[in-house]
Amino acid sequence: MDDAPVNVPTFSQLLESMQSWPLQTQIGVFLFAAIWIIGGNIVFLRSLKRRGISWRKSLIPAISHFTGLNKSEWLALGVLAVVSLAFGAWGISDQAL
């Protein structure tokens with residue numbers, strides 16, 4: 001019996017679907033992802049540097065990165081979350097109901 005998933009779009013189908021979105025949606029989703037991914041990585045890398053831990057140790061999945069964050073790093077993550085969610089909401093606000 002074939003256990004392959006059904007109705008899973010290929011990458012080209014997904015890209016074609018995303019290109020059909022309104023421009024505001026494309027920009028909002030891109031900014032949402034970019035701000036959260038890039039900003040979050042910068043916060044965690046600076047936290048590792050502050051604690052004297054090599055960035056290579058961040059690749060080990062068993063290490064919890066949230067335990068060593070200080071208040072300003074938590075605040076930065078909170079600001080990143082709010083800003084990225086605001087851009088995401090702005091992007092999808094242009095979608096027709």
Side-chain angles (χ1 to χ4, degrees):
M1 186 170 203
D2 189 18
D3 290 334
V6 291
N7 297 332
V8 176
T10 62
F11 181 73
S12 62
Q13 291 172 333
L14 184 64
L15 189 60
E16 183 180 319
S17 173
M18 290 172 68
Q19 288 175 343
S20 69
W21 295 350
L23 182 62
Q24 180 177 333
T25 303
Q26 292 178 11
I27 293 171
V29 169
F30 174 78
L31 288 174
F32 164 76
I35 288 172
W36 183 246
I37 293 171
I38 295 170
N41 281 321
I42 289 172
V43 168
F44 280 112
L45 288 175
R46 291 188 66 161
S47 174
L48 291 173
K49 185 176 180 180
R50 176 185 57 83
R51 292 183 279 163
I53 300 172
S54 171
W55 65 270
R56 291 178 189 91
K57 291 199 177 184
S58 67
L59 302 175
I60 300 171
I63 296 176
S64 176
H65 300 291
F66 294 104
T67 56
L69 296 177
N70 61 20
K71 290 179 186 178
S72 65
E73 292 160 349
W74 279 110
L75 180 64
L77 286 176
V79 169
L80 284 173
V82 169
V83 170
S84 64
L85 287 173
F87 276 117
W90 172 76
I92 63 173
S93 69
D94 192 41
Q95 292 285 331
L97 296 176

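In this text the structure is predicted, and so the values were computed from the model without any measurement. Count residues from 1 along the sequence.
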Query raised in the report: Phe44 and Leu77: side-chain contact (heavy atoms from CB on, under 4.5 Å), yes or no, with the steps?
Result: CA-CA 9 Å; Phe44 280 112; Leu77 286 176; 4.1 Å; yes

Atom [atom1] of [X] and atom [atom2] of [Y]: how far apart are they, to the nearest 0.5 Å?
X	Y	atom1	atom2	value
Asn70	Leu75	CG	CG	10.0 Å
Arg46	Ser72	CZ	OG	9.0 Å
Leu85	Leu80	CG	CG	10.5 Å
Glu16	Thr10	CD	OG1	8.5 Å
Leu23	Ile27	CG	CD1	4.0 Å

Query raised in the report: Do the side chain of Thr25 and the main chain of Gly91 share a donor and acceptor less than 3.5 angstrom apart?
Result: yes

Requested in this report: Please answer: with hydrophobic residues joined when any side-chain heavy atoms are less than 4.5 Å apart, are Val79 and Ile35 in the same cluster?
Outcome: yes

Requested in this report: Could you state whether Leu31 and Val83 fall into the same hydrophobic cluster, counting links through intermediate Ile, Leu, Val, Met, Phe, Trp or Tyr residues with side-chain heavy atoms under 4.5 angstrom apart?
Outcome: yes

Report summary line: Gln19 meets the side chain to side chain contact (heavy atoms under 4.5 Å, CB included) criterion, sequence neighbours left out, with Leu15

Requested in this report: Specify the closest pair of heavy atoms between Leu69 and Ser47, including all atoms of both residues, with the distance to one decimal.
Outcome: CD2-OG, 3.4 Å

Query - Minimal non-hydrogen separation, Glu73 against Val43, with atom names - result: O-CG1, 4.0 Å

Report task. With sequence neighbours excluded, give me every salt bridge (charged side-chain N to carboxylate O under 4.0 Å, His left out) pair touching residues 20-32. Result -> none

Query raised in the report: Does atom CD1 of Ile38 have more than 12 heavy-atom neighbours, drawn from other residues, nucleotides or ligands, at distances under 6.0 Å?
Result: no

Requested in this report: Taking the side chain as every heavy atom from C-beta outward, state whether Ser93 and Gln24 have any atom pair closer than 4.5 Å.
Outcome: yes

Query - Pair Met18-Leu14, side-chain contact (heavy atoms from CB on, under 4.5 Å): steps then yes or no - result: CA-CA 6 Å; Met18 290 172 68; Leu14 184 64; 4.2 Å; yes

Query raised in the report: Which ring pair (Phe, Tyr, Trp, His ring centres under 6.0 Å) pairs, counting each pair once, include a residue from residues 7-43, with sequence neighbours left out?
Result: none

